[in-house]
Amino acid sequence: MRTVRTEDIVKNIKEMCIEANHFLSEDMRQVFEQSVEAEKSPLGSLVLNQLKENLEIAGKDMIPICQDTGMAVVFMKVGQDVHIEGGSLTEAVNEGVRQGYTEGFLRKSVVGDPIERVNTKDNTPAVIHYEIVDGDQIDITVAPKGFGSENMSRVFMLKPADGIEGVKEAILTAVRDAGPNACPPMVIGVGIGGTFEKCALMAKHALTRELKERPSVPWVRELEDEMLCRINQLGIGPGGLGGGTTAFAVNVETYPTHIAGLPMAVNICCHVNRHAHRVL
Ligand code: SF4
């Protein structure tokens, strides 16, 4: 049994909120570079260069990459041999978000009640997804999610007979409908299988995957490659102004499902695909 103190969790979540809002992960930076070189449309290339410059300024001058600093989505993989000391784990995560968004001067975008819509003024509560795993560590991913792209995300309750072609059509439909509203180039998270809520959670989690990592299942790899290629032929382009870079990546997660269904979800992220990762 290993002890982790809540004050360490608060400190790390605070730092991760600030980090994620100012620096993209190395794989995202690389895909930006590659896209600038590959984009053939002059307007698309201009937009990509502006986005790249914005990214550099954000890190250098500590100005958030985007004014929408997102709702904090936190994935917590808690080892079953960890003992949390110092109070409530959930309160520690929210305190980290509170301190990160306040001390980091990040925009507070959360309303406490979805209908009454009064701003909580500290960006809490976070959306926290807990998973109990083997081991004695806590694996934390903080992924602030902007709602320009979140609003364009979809769940599709397909029929088993729709099969892989139905899945492809649903992905293309979601991306086509999103168009410029999702601030392209996008990263497309896809969850296939499970239940209504499981596929949505997989689609969200897929956005945090290292872009160079490839799925081990051949049909999933092929689906990712084909979808990226077809999405980039839609012509939406950087900023929605046309071009060949509509998406940087398509990341797919799968899970067993019921004989009577084929649930799937498409969680769209903009070019500011933020996620910070640490292991305590
Ligand atoms: S969708 Fe992304 S780029 Fe667009 S406003 Fe929101 S966070 Fe910013």
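We count ligands from 1, going down the list as the structure has it; atoms in each ligand are counted the same way.
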For [atom], grab the closest protein heavy atom and report residue, atom and distance to one decimal in Å.
atom	answer
atom 2 (Fe) of ligand 1	Cys270 SG, 2.3 Å
atom 6 (Fe) of ligand 1	Asp68 OD2, 3.3 Å
atom 1 (S) of ligand 1	Ser149 N, 3.5 Å

Atoms in ligand 1 flagged as close to [X], the criterion being non-hydrogen separation under 4.0 Å:
X	answer
Val272	3 (S)
His271	3 (S)
Cys66	3 (S), 5 (S), 7 (S), 8 (Fe)
Arg274	7 (S)
Cys183	1 (S), 3 (S), 4 (Fe)
Gly148	1 (S), 6 (Fe)

> Are the side chain of Asn123 and the backbone of Ser109 linked by a donor-acceptor contact shorter than 3.5 Å?
Replying inline: yes
>> Under the side chain to side chain contact (heavy atoms under 4.5 Å, CB included) test against Met264, which residue among Thr254, Asp162, Val167, Val252 passes?
In response: Val167
> Do other residues, nucleotides or ligands put more than 12 heavy atoms under 6.0 Å from the CD atom of Glu116?
Replying inline: no
> Should the heavy atoms of other residues, nucleotides or ligands under 6.0 Å from CD of Glu53 be counted, would the total exceed 12?
Replying inline: no
Are the charged groups of [X] and [Y] less than 4.0 angstrom apart, N to O?
X	Y	value
Arg209	Glu253	no
Asp122	Lys108	no
Arg221	Glu224	no

>> For Gln67, state whether at least one heavy atom is located under 4.0 Å from any atom of ligand 1.
In response: yes
